[in-house]
Amino acid sequence: MRWLVGWSSAATAGRESRTVLPVGAQLLWGDPDPLWAVGDWRPYEVRVVQADPETRLAVFGVCGATDDQLRVGLFAARGGALRHLTAWPGSYTAVVQVGRRITITGDLAGARPVFHTRWAGGTAYATAALPLADLVEASLDVGHLAALLACPDAPEALGAGTPYEGVRRIPPGHALVLRAGTSEIASFEPAASLAVAAPQLAPDQAVDGVREALVEAVRTRLAGPRFAPDPDGPEGLDPGPVPGMGPAERRAARGGPVPGIGADLSGGSASGTLALLAAGLPGQPGTINGHGERLLAVTFNDRATNGGRPHREAELERARSIADNPRLHHVVVAAGEEALPYADLDSGPLTDEPGPSLTVAGRHRRRLLAGSADHFVGNGARQVLDAHPARLADLLVDRRRRHLLRPVTALAKADGPSAHSALVPFTVYRAARRLARTPYATGITEAARRLMERQFADEPVAGGAVDASLAALAWCRPGPAARWLTGEALAEVSGRLGDAATRSPAAGRPGERRARAALARQAADHRVFEQAAEVRSQRLHAPFLDNQVVLACRALPDTLRVQPGARAAVLRSVLAGAGVRDLPPGWGATSHLTHTAAVRAGLRAAVGQLVQLFDAPLLADAGLIEARVVRKALRAAAEGAALPLDGLAELVSTELWLRRLLARRGSCWTGAEAPRQRAVAGGVVPRARLSGA
């Protein structure tokens, strides 16, 4: 894991910086407000420009700006213009020091968050929450864990908290500004007028903007230096011929990626777009086993899942058709039951925060082991391009009723013919109209009431498109794991929602707000996925989560977003503008069925281990669940009961994360005055301080 850490103190002399040091850190600048880079940063991933001894800028990650552009951004930031620091292509974190003022920018999606906490009379900040929790010897914030399980998509419930008491997160689209130890949160997003709606771009112009942003995001990665794993490292030496194993298999067994650039190629629209763009743009993706300068495209073939086989075979066929491109070198990674979800839960690194990706990290790591040192993934495409169902209410707010016809008609056909298909358009329209007429505070209060009364009947447990859309047509709704939480935990989260309803101002349109919350949730899960499935010497690149791509996708008109197949149509136009027009039949089909089938197969195979995991769960010790209720739900889901599988994944991943957190040894800090205890002081989960407990 890589992170940066620093602090701002009220004193002019940083006494603590000489006695408290992050383990394995590289000092970028010193007292009185020091900054370190911690972890396996590559040399070109940390750039520093300086105007004078008290004015400097550090950029961490992949940034497409030249040194001259960085200096221009530094001068702009010195005058207070933060948006210049977020306008470059790539995915990065910028830290600016101007005298005693320190500014740390996050990103629009939330994939590169910034955390902060009060410490030693000042403020410490980092791009990881766990080091700050170690620094202040924080305990678990059980209320935040309850909110994460009950309403994972609701910023009103999560607030600015983290799983660690006293450690806070800045919201997406904001920056942390420190002045002599004091902190404030500043937005760098363009301010929208509340009196006049912003004019929407024409669909063709908006799609052109998405294409330009995506091409520039991919080009930025291609333009970077090629990274090759150190052959003299502890995992770099090839042990020589092994019966039945070629060089690629031996490398995968050692855990090292191929030098160069690669991409996922699942047959879907997002990964296929990135692979074709990276292969078609000028550059040198890398030399792969003597095959020349070609991009390595990796496809995962699940041989253990019987359900959804026709869809999986169609995906493989589309991937093979795309891989006919002469600049692509295609590798298919086949796996059986050992790569199902929930397999091999005993091993895995400790992540900064819990996330559902912990249950499938081993599955994805098998695919990534066959990838390149720099590997493209399509994570985030659905959230930035697709229309959240609540955007149907936005159309009604804007008096564009006629644009509802095609999406509601497509929903009526999505679940197949039934006796109620004719009523679906009217039902969806009525739900969208009700949301459009519901004030924000009323919607949040209604969600709080539903939690208290345990009303989860309309949750889309069967996975139907109509049920899922109807449930999403709300300002806020309980998450899939809420039904298994205790009454005390639900009361705590309900209280959080009630407080948010009374103190929060008007929040704009419901669809736009829900879409941003869904993107923030996906970005947070992508960050957990990066850490849980991490391969030594490999970098995962998710261009759809870059600032400029997010901005370009937000400019897409709602009338274009809500059309059936909008994501595939936009990406098809992106590829056509880049010169790629020959796409296989069925390109753009979703992979929801194959994912659900794999999850059910993994649940059946691992149900014994999962039930044992919840024999004496830490979540029950914290007062969040009753163990017998969860064990019963796991057995029922393994037998095919219509239960929300995403909710069970969240429960399992949170329990796994707690166990790994309490089993860890050591701390992130060293020095004469370093904390003597790690995060979660004493190594014991505190009994939940919940309402009524």
Side-chain angles (χ1 to χ4, degrees), residues 2 4 6 26-30 33-37 41-109 111-112 114 125 127 173-178 186-190 208-227 261 277-278 281-285 374 539 541-543 545-552 555:
R2 296 166 300 282
L4 63 93
Q26 170 191 355
L27 181 66
L28 297 183
W29 59 67
D33 304 312
L35 174 66
W36 290 274
W41 293 96
R42 297 174 182 174
Y44 52 85
E45 290 177 330
V46 180
R47 302 167 62 190
V48 179
V49 296
Q50 184 168 327
D52 57 62
E54 294 186 348
T55 306
R56 44 199 170 188
L57 164 67
V59 176
F60 300 80
V62 178
C63 179
T66 64
D67 289 346
D68 289 339
Q69 289 173 324
L70 291 181
R71 291 188 181 91
V72 171
L74 174 58
F75 295 140
R78 184 167 61 180
L82 301 182
R83 201 181 310 166
H84 290 75
L85 302 177
T86 66
W88 303 309
S91 178
Y92 55 89
T93 302
V95 182
V96 177
Q97 182 184 43
V98 180
R100 296 300 310 280
R101 187 184 72 193
I102 307 292
T103 303
I104 311 99
T105 63
D107 64 341
L108 292 174
R112 302 188 71 91
V114 177
Y125 62 90
T127 52
H174 289 71
L176 176 66
V177 182
L178 306 176
S187 173
F188 59 76
E189 289 194 79
D208 288 343
V210 174
R211 182 184 68 250
E212 292 173 3
L214 267 179
V215 169
E216 191 62 30
V218 173
R219 182 181 286 118
T220 298
R221 273 77 174 189
L222 290 175
R226 295 294 174 265
F227 179 82
I261 293 182
L277 286 178
L281 290 175
Q284 299 180 353
D374 290 278
R539 296 290 187 270
H541 301 282
L545 298 177
D546 288 4
N547 282 348
Q548 296 310 300
V549 178
V550 171
L551 280 176

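The basis for the numbers below is simple: all heavy atoms, side chains too, and nothing from hydrogens, waters or symmetry mates.
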[X] side chain near [Y] side chain, heavy-atom distance below 4.5 Å:
X	Y	result
Arg221	Asp374	no
Leu4	Tyr125	yes
Phe188	Thr103	no
Ile104	Leu178	yes
Thr127	Arg112	no
Arg2	Arg539	yes

Among Asn547, Leu551, Asp107, find the one that has a side-chain contact (heavy atoms from CB on, under 4.5 Å) with Thr86.
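The single option meeting the side-chain contact (heavy atoms from CB on, under 4.5 Å) with Thr86 is Asn547.
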
Only one of Val549, Asp546, Leu545 forms a side-chain contact (heavy atoms from CB on, under 4.5 Å) with Ser91, so which one is it?
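Single side-chain contact (heavy atoms from CB on, under 4.5 Å) partner of Ser91 among Val549, Asp546, Leu545: Asp546.
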
What are the two closest non-hydrogen atoms of [X] and [Y], and how far apart are they?
X	Y	value
Val49	Leu74	O-CD2, 4.1 Å
Ser187	Glu189	OG-N, 3.3 Å
Leu27	Pro34	CD1-CB, 4.3 Å
Tyr92	Ala87	OH-N, 3.7 Å
Val218	Ala278	CG1-CA, 3.7 Å
Thr105	Val114	O-CG2, 3.8 Å

Which distance, rounded to the nearest 0.5 Å, do you find between the [atom1] of [X] and the [atom2] of [Y]?
X	Y	atom1	atom2	answer
Glu212	Arg219	CD	CZ	10.5 Å
Leu35	Arg56	CG	CZ	9.0 Å
Arg101	Arg78	CZ	CZ	10.0 Å

Run the side chain to side chain contact (heavy atoms under 4.5 Å, CB included) check on Thr220 and Trp88 step by step: do they pass?
CA-CA 10 Å; Thr220 298; Trp88 303 309; over 6 Å; no

Heavy-atom count check: over 12 atoms from other residues, nucleotides or ligands less than 6.0 Å from Glu54 CD?
no

Would you check if the side chain of Arg47 reaches a backbone N or O of Ala65 as a donor-acceptor pair within less than 3.5 Å?
yes

Option among Trp41, Tyr44, Trp36 that satisfies the ring pair (Phe, Tyr, Trp, His ring centres under 6.0 Å) test with Phe60:
Trp41

